[in-house]
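Letters A, B, ... mirror the listed sequences (proteins, then strands); counts begin at 1. Since we're looking at a predicted model, the values are computed, not measured.
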Amino acid sequence: MSSPAELFPPTKKPAEALSGVTVRLAGDSGDGMQLLGTQLTNTSALSGNDVATFPDFPAEIRAPRGTRAGVSGFQVQFSAEEIFTPGDGVDTLICMNPAALVTNIGDLRRGGILIVNSDGFSDKDLKLAKLDVNPLDDDTVEGYRLIKVPMTTMTRDSVEPTGLSVKFADRCKNFFAMGLVFWLYGRDVEPTLRFIENKFSSKPDVAEANRLALKAGWNYGETTENFASTFSVPAAELEPGVYKNVMGNQALAWGLIAAAELSGKELFLGSYPITPASDILHELAKHKNFGVRTFQAEDEIAAVCSAIGAALGGSMAITTSSGPGIALKGEGIGLGLILELPFIIIDVQRGGPSTGLPTKTEQSDLLMVMHGRNGDSPLPVIAAQSPADCFDVAVEAWRIATKYMTPVFILSDGYIANGSEPWKIPEVESLGKIEINHPGARSPDDEPFMPYARDKNLARPWALPGTPGLMHRVGGLEKQDGTGNVSYDPDNHQHMVDTRAKKVERVAESIADVEVFGKSKGTLVLSWGGTYGACRTAVKTALEAGVEVGHVHLRWINPFPANLEKVLGQYDNVVIPELNTGQLRLLIKDKFLVNAIGLNKVKGKPFHVSEIVDKIKEVAGK
Amino acid sequence: MSSPAELFPPTKKPAEALSGVTVRLAGDSGDGMQLLGTQLTNTSALSGNDVATFPDFPAEIRAPRGTRAGVSGFQVQFSAEEIFTPGDGVDTLICMNPAALVTNIGDLRRGGILIVNSDGFSDKDLKLAKLDVNPLDDDTVEGYRLIKVPMTTMTRDSVEPTGLSVKFADRCKNFFAMGLVFWLYGRDVEPTLRFIENKFSSKPDVAEANRLALKAGWNYGETTENFASTFSVPAAELEPGVYKNVMGNQALAWGLIAAAELSGKELFLGSYPITPASDILHELAKHKNFGVRTFQAEDEIAAVCSAIGAALGGSMAITTSSGPGIALKGEGIGLGLILELPFIIIDVQRGGPSTGLPTKTEQSDLLMVMHGRNGDSPLPVIAAQSPADCFDVAVEAWRIATKYMTPVFILSDGYIANGSEPWKIPEVESLGKIEINHPGARSPDDEPFMPYARDKNLARPWALPGTPGLMHRVGGLEKQDGTGNVSYDPDNHQHMVDTRAKKVERVAESIADVEVFGKSKGTLVLSWGGTYGACRTAVKTALEAGVEVGHVHLRWINPFPANLEKVLGQYDNVVIPELNTGQLRLLIKDKFLVNAIGLNKVKGKPFHVSEIVDKIKEVAGK
Amino acid sequence: MSTELPVLSAKDFASDQDIRWCPGCGDYSILAQMKTVLASLGKKQEETVFISGIGCSSRFPYYMNTYGLHSIHGRAPAFATGLKSTRPELDVWVITGDGDALSIGGNHFIHLIRRNVDLNIILFNNSIYGLTKGQYSPTSKVGKVTKSTPMGSIDQPLNPLSVAIAAEASFVARSVDTNIKHLRATLQRASEHRGTSFVEVYQNCNIFNDGVWDYAKAKATKDETTVELQHGKPLIYAGGTKGIRLNGFSPETVDLDGNIAQDDLLFHDEKIESSQLAFLLSRMRHPEFPEPIGVFRAVDRPTYDSQINAQVEQAVEKKSKGDLKTLFNSGDTWTV
Amino acid sequence: MSTELPVLSAKDFASDQDIRWCPGCGDYSILAQMKTVLASLGKKQEETVFISGIGCSSRFPYYMNTYGLHSIHGRAPAFATGLKSTRPELDVWVITGDGDALSIGGNHFIHLIRRNVDLNIILFNNSIYGLTKGQYSPTSKVGKVTKSTPMGSIDQPLNPLSVAIAAEASFVARSVDTNIKHLRATLQRASEHRGTSFVEVYQNCNIFNDGVWDYAKAKATKDETTVELQHGKPLIYAGGTKGIRLNGFSPETVDLDGNIAQDDLLFHDEKIESSQLAFLLSRMRHPEFPEPIGVFRAVDRPTYDSQINAQVEQAVEKKSKGDLKTLFNSGDTWTV
Ligand SMILES: Cc1ncc(C[n+]2csc(CCOP(=O)(O)OP(=O)(O)O)c2C)c(N)n1
Ligand SMILES: Cc1ncc(C[n+]2csc(CCOP(=O)(O)OP(=O)(O)O)c2C)c(N)n1
Ligand code: SF4
Ligand code: SF4
Ligand SMILES: [Mg+2]
Ligand SMILES: [Mg+2]
């Protein structure tokens, strides 16, 4: 095998420098677009760009080939600047078939590059996409820089030397497309060559075919006159450090593992599979050598209850799900709350209500997470803001859970869960330990043990079965403070309800104040969860356009950070963009009586930055 | 048998006329206090008083005899005026044992009459009540008009002629107490004699013993010098009509039966037993001759799902539960919502969170009922205000459910469910019919059926299986408006989320505006659910004291009545008394940005009128 | 069996929706046989209701031109119970998967069966979670490596038929997706049974669990690995060369080499009241035994829907049809 | 059986809480026997955990001076699985009722049993919902008149032992609240079994279902209506005058009048791998048969808790103890 540089000679065409590019790859779910996207992302990250991705799967496992329902997309933005989203408008769109074209073209910016596999537009393909006319021949593609590439033919030709059958040869066409895209943006092929070698180590002919296809795509770019120039995107100025590209669910799982290590605990996950949360279970199940135990329960109720059982025993207990499953856990969570045991409930939100849009993103479980239990039952709630942030959120949630002896909710969403971005790998030593004290053994001569005695944080002791002399019984009935005995006393009930509420409020003493980005007057954009990136980018854009606007992003939604009220008071207008009908807005209006303005979108899709910019300008009167 | 008048001659002592009296009967759960209370209530009602009751059961099935945990209480207010609560301070307290005394004396007003069974205060009895000193001998009873009656002895003596064993004789002592109380308040014994005859028709000796005990109690009053006078409470001026005393759960069940009849539907209840909701199941199960089908499901999830199945088939479907069970139904309710099928979910609230205080009352499920489902999932919510009101609420809920094709929540609570009050029996003809139209059969030549086509109320057609040509499929995935086909289209999702929300908002067009009681300026008391009576009485009291105060009671909480915003705007202060930490307050603050003041009590007990009066005065600055 | 002539054809039972299963999925065959059976039984589209939970299999109702409910995960039995109890004249089918019926839905499954609601449950057993992309299910074998069990599953699988039989099932059967004739016959038997009919269908998920039932499907092996149950007939398989005999209360396989008379073999009787035989048959698992396919048990007992409706009729008979005025005025009333 | 001398007495296992069951309730006896058994086995208070659901029976943990969790309705098995999987050294008991275990909790019940988590389930079967004041339960007989079934129940009851056996139980037994000696022995056997031990106890609810088990409890009848199972022994009852014989795969009662040899009788074997015998015994119901009490089945199979922990150990062995630095730096990384 020759060296990459020989096989993939740098382009001789001029390279136009860009600050950032958004590329979307779209094809049939069998076309390997996710793989292509991942390679492009990793390569760009390795070459120093800031990157952010957004994969968009079909709802079906294997939707019928060539249909619109079967289109699989992957969007990546790589940039020389710090970025927060996978990009709004697409600069370059690669489409492998007509279904991909018609379902994605709407997001390509005017004048953008449209590369299509022209071999994928046969009459049969058109019919599968329910098209009467070839969109390459009508006004669908007008206003774009259309480049038709007979990818299938060229791939077949290029892999011929391997002797692979046509069926297998055709599977290589994503590598052809990859070669072309890599060439166009001057990406380094080395990591991909390494990937091919590892992945197909047992199938050398397939490995070779993919290499050949990759090279053919690269060469095609250099040869064809369709491209007058290439583009380069220089490295971004990121904080120095070692980086790694992470997906949200992966980062969450790793954060949980880290939290367990930092607190000297073993991790127990009780979970039932559900999109888009399952990958946390899958990821954790891989790391049993960290003392991780994963339990695929018979349902979500058993999942949360098993976690509470593990918490009772002293483990770091977790339960993960998405909306419909979280709805089922309400009763169990209520028990965890009154037991005042620490554990973590993770809701990776998806489109609702009911089964809704399982593969799409949304932020519409916030109020369920706040209120979806009988009785007055407040719990701390923290929301991750981006894929990499999931790591920190996991650690922080566990810190609060154990410090205050309470279940804690973590909110993520489908966009964060499957999206990816560079994560600055922390120094393990720099991660603060999480101090946990379990009361020790007592003899019969000691004072009787008080399972509901409270410390200054109102936390009760976490007494573990197995400890001599601490025997006690807990349950779902109201209990006397101190002794923990069942109590029907009216004043005690009031006291306990108040105490549980106060405890959650006190969490505010242990969390960071909100920080204002941008201006401290005028219009405030208040966001939470996965819309962080779009909001931050929009506020940046608006600031550049001279709008008096600031951005505050909430990680903790219950309790709100201590300084939030003061900050809100500095602004004339508060805009709350949410992928729901106004759930944070409800909480903010209730708490602070602020007439917040909603920017609400419930389409199963993240915000476009431009939507937020427009709203900011509208509200700011610009 | 001689005539009642001969056996129970009217008193010769002077009768002091009172406008109303609150009596509480307290004894061991085996002492028959509930029976005594029911008789006193019915008799008072039959003689024209307005009445309201509040039974207070022990949490245990049979708590150990004589213990504080085993005390069973029954409070009744009977009055010559219209009343709304069972009374705050107790005028006369009857206590059968020391446990009853110490747990109830706190509610007896200073100077009130305290009648105790002095035979029930042996050392053994004191020990069972965990008392070192006989409370009749210390300052416990100071300031009350204590009357010690050796009830056990006198009952035994009086029933001797029947030859009953001591064990059975002792069971009659509640009738002795009843005789005394009836004498004291000049009640008619006739209904009770009739009751005895029916109830013990197969045991004539027991019937006779109870009659003798009753008479002995009556005679004791006349004979003893402890009582210088009796009291009389003249009939109230109620609206003319035929009345009947009803308990909340019974009225709810009857309202549901009536709604089914009025809409020409058969009723299906899917339910799983739980305190304090089970009696709705029990009551409905008695009336199968109305075409009522009750299904005791394996759990609450099956209960709600079976109801949805019955709704799909065209029945009037109901599911009933209390907090923990409602928490389990969230996922199922979400499906019902997206299916847009009409059915009713009833939450008879109890003390929470978790298992909480199952036998106690609370209003703390409001936010769960509003938000306890994944996704944006609004539903109409109506709350009953009193036992008799349950009837109307049931009918109205079904009217709205079918008009708008949506599940509807009914909120009740333990206080309403087990309390009772006179219900003016409606003329059946005066109850408005509930119009329901199911689309008819279609032939293949007709336009294709559109299961999600909408009428002016945004309701979709209720097409029933069995109808030729209307075959269609529905489910929990987001669906295209009109066709009902599964749709992942972003704009359609937004449209459907908006439409579901709009539909619930439109319900406001079909419900009554709120009415103001009292003043239209100054301070407003805004209430919902079972606190109606205490709030109304408190506002009356405050108005009489010259406070500028009005009262608005909400039956519909989602949506709020159309004129609520305007009404709220007329006041300087809004006070929201709730048996929770401020759940309606949250919704009001969010919706109207009104800085409402909470009066919150979470003690498992209803409000005292005085607590609300005090708050009104405090807020109104009086 | 219906004696009317079929008025609808199989394709009249196909809805207009695009089918979204993976190419090659075993679900296609079950769908096809269902349409054929309904047509051949002369069923009406509008009187048929398919109710499913969530899973690949549970997409089934969308593809039938009947009434349908694609409900929530595991709860189809409860919806079906509510519907059938109030509309006993409808023909109700519950479509479910091994995860849907036996994991999250296990409780509703056994309670439906014990109540004997007159409907049919078809469980598509692919021994995997298809829709969520390949976690192990309650019927996956110990040691099964999946996304959620990278070191192999440690849960003893449930035997769906044993569980159903223990839950007092009145009808249980097993068939195989690709065994078209057998599957049709089995679906027809299920449809004809009064009470809850439970049919387990071995279904191939070619994406996440390809070949799990190959032994029972492959031409080369299926004669040796399955034995077709026939009421009143001895258990004979492998083209008549082998049989099943009872040894105490345990079955054993014997060669029919002439030394053993057919009369010595275990005779199938789907109609015996006691469930011992059906249970015993359900315990015969590959590779120790050929796995029985066909109807294990078909006995008569009162259905829930007929009884709940009978109680209404009895109540009307006893107390006469409910009348609101009478109800309202029952007990103590008074006039103001 | 533990060979240590008992260090604690039964009353050391009593908590300081007032007992809130009705006077005369069968629960008292079970509580008393439990304390005695734990003491006699030399168990430690602090290493014992009782986990219950909701119901009268589920108040049990409050009365034991051990660790305890009075959880939510029907879910005790799930809490116990989480606890035992992470703390396998603890002695865990699940206390449940017929409603708790078989109605709302039926699914967790069968999944716990199939997983064979090493703990003990004691089901207090009073055939009624006690705590909610008397509705019928999944073990109530057809025709049972209760508050929720004024015209009689129409649900076929579940047989708890049959269900457990079909769910692959490794240990199932039955005893009676008032049969003190037998109950003690049974609890002890359950405790000693490795894996999920399931014990059904006939328990009297004297308030809402008084006398439901009288036939099996009354001195006058119990010899005729129950048969005590003994491993390796024939099924003989009625003071040695009657026995149980196998007829095909059905049991039948025979008089031991001399014409029948003991060897012709059915011999109990709790240790056979196959569950047919245990299932058959579970189907013997009053009044047709004497009901077996004692241990139906006690076989060895791997426990869930030992295996989940073994996988952790294997993973550590294979990949060495997890290290955050290594984890974080796995895969593609780059330095800025
Ligand atoms: C409450 C809830 N939990 C989890 C899920 C996710 N989920 C959907 S289908 C499924 C299991 C599918 O397995 P199976 O029932 O065997 O059906 P198959 O796809 O194999 O046909 C799961 C876990 C869900 N939709 N709802
Ligand atoms: C989620 C939920 N549903 C219902 C109830 C009400 N409930 C409490 S115990 C019980 C049944 C009790 O029956 P069983 O399990 O047989 O116990 P027993 O009281 O007879 O010992 C019910 C329905 C509850 N507490 N929680
Ligand atoms: S994932 Fe498996 S079960 Fe699902 S449709 Fe595809 S092949 Fe069928
Ligand atoms: S109700 Fe029955 S089961 Fe419950 S404590 Fe009383 S007697 Fe025991
Ligand atoms: Mg499956
Ligand atoms: Mg019970």
Side-chain angles (χ1 to χ4, degrees), chain B residues 42 45-46 48 191 235 238-245 254 257-258 261 266 268 270 287-293 295 297-299 301-303 305-315 317 331-332 335 339 425-426 428 431 465-477 485-486, chain C residues 15 17 44-52 54 61-62 64-87 89-90 107-108 110-111 308-309 311-312 314-325 327-336:
Chain B
N42 285 350
L46 287 174
L238 295 175
E239 227 181 286
V242 183
Y243 283 82
K244 175 175 177 60
N245 205 41
W254 288 20
I257 292 173
E261 292 278 308
E266 292 200 312
F268 176 87
H287 300 290
K288 295 193 203 288
N289 61 325
F290 280 89
V292 169
R293 284 159 188 81
F295 170 57
E298 57 272 26
D299 65 12
I301 300 175
C305 294
S306 70
I308 295 175
L312 185 77
S315 286
E331 195 204 5
L335 176 67
L339 293 181
I425 299 176
V428 173
L431 297 170
T467 320
L470 301 192
M471 290 80 67
H472 66 284
R473 279 75 38 200
V474 289
L477 290 164
N485 291 335
V486 172
Chain C
S15 79
Q17 297 297 296
K44 295 201 177 128
Q45 298 156 326
E46 67 269 18
E47 287 177 358
T48 308
V49 186
F50 282 89
I51 300 186
S52 64
I54 301 279
Y62 288 125
M64 295 294 302
N65 187 19
T66 62
Y67 287 86
L69 175 63
H70 176 222
S71 75
I72 47 176
H73 198 30
R75 321 296 177 187
F79 295 96
T81 300
L83 178 62
K84 184 75 185 179
S85 296
T86 51
R87 298 289 308 276
E89 77 282 12
L90 295 173
N107 201 34
H108 311 302
I110 60 179
H111 282 272
I308 194 173
N309 286 292
Q311 286 200 341
V312 168
Q314 284 157 28
V316 169
E317 232 163 75
K318 221 175 104 187
K319 307 201 259 176
S320 86
K321 177 99 196 68
D323 170 68
L324 288 182
K325 190 166 249 155
L327 176 68
F328 294 171
N329 289 281
S330 60
D332 284 332
T333 63
W334 70 95
T335 306
V336 171

Contacts of type ring-ring contact (aromatic ring centres under 6.0 Å, His included), residue C/Phe328, not counting sequence neighbours: B/Phe391, B/Trp423
Engaged part of B/Glu261 at the chain C interface, taking heavy atoms whose separation is under 4.5 Å: side chain
When heavy-atom pairs shorter than 4.5 Å are enumerated against chain C, which of B/Ala317, B/Gly241, B/Ser315, B/Gly475 gives the highest number? B/Gly241
Chain B shares the most heavy-atom pairs under 4.5 Å, among C/Gln314, C/Glu89, C/Gln45, C/Glu47, with C/Gln45
Side chain, backbone, both or neither: which part of C/Thr48 has a heavy atom under 4.5 Å from chain B? neither
Straight-line distance of C/Tyr67 OH to B/His472 NE2, nearest 0.5 Å: 6.5 Å
Between C/Leu327, C/Thr333, C/Thr335, the one whose heavy-atom pairs under 4.5 Å with chain B are most numerous: C/Leu327
Spell out, as yes or no, whether a donor-acceptor pair under 3.5 Å connects the side chain of B/Asn289 to the backbone of C/Glu317. no
Residue C/Lys321 excluded, over 12 heavy atoms near NZ under 6.0 Å: yes
Is it the backbone or the side chain of C/Leu69 that comes under 4.5 Å from a heavy atom of chain B, or both, or neither? both
Taking the side chain from B/Lys244 and the backbone from C/Asn329, do they hold a donor-acceptor pair closer than 3.5 Å? no
Do side-chain atoms of C/His73 reach the backbone of C/Ile54 as a donor and acceptor pair under 3.5 angstrom? yes
Flag, side chain of B/Arg293 to backbone of B/Gly291, donor-acceptor distance under 3.5 Å: yes
Taken in chain and number order and not counting sequence neighbours, the residues that satisfy salt bridge (Lys or Arg N to Asp or Glu O under 4.0 Å) with C/Asp323 are none
Scored by heavy-atom pairs under 4.5 Å with chain C, the best of B/Ile257, B/Leu431, B/Ile425 is B/Ile425
Chain B heavy atoms under 4.5 Å from C/Gln17: which part of the residue, side chain, backbone, both or neither? side chain
Per-residue contact mode, B/Ala258 against chain C (heavy atom under 4.5 angstrom): both
Just so I understand: if I count every heavy-atom pair under 4.5 Å between each of B/Gly476, B/Pro465, B/Gly313 and chain C, which residue has the most? B/Pro465
Tell me, yes or no, whether the heavy-atom count around B/Glu239 atom CD, taken from other residues, nucleotides or ligands under 6.0 Å, exceeds 12. no
Tell me which of these, B/Pro426, B/Ala303, B/Gly469, has more heavy-atom pairs under 4.5 Å with chain C than the rest. B/Pro426
Below 4.5 Å, heavy-atom pairs only: which of C/Ile51, C/Leu90, C/Val49 has the largest tally toward chain B? C/Leu90
Option in C/Ser52, C/Pro61, C/Pro77, C/Gly74 with maximal non-hydrogen atom pairs under 4.5 Å from chain B: C/Pro61
Is a side-chain donor or acceptor of C/Tyr62 paired with a backbone partner of B/Asn485 at a separation under 3.5 angstrom? no
Contact leader toward chain C among B/Val486, B/Asp299, B/Leu339, B/Leu335, where contacts are heavy-atom pairs under 4.5 Å: B/Leu335
Please determine, among C/Ile308, C/Asn107, C/Val312, the option with the most heavy-atom pairs under 4.5 Å with chain B. C/Val312
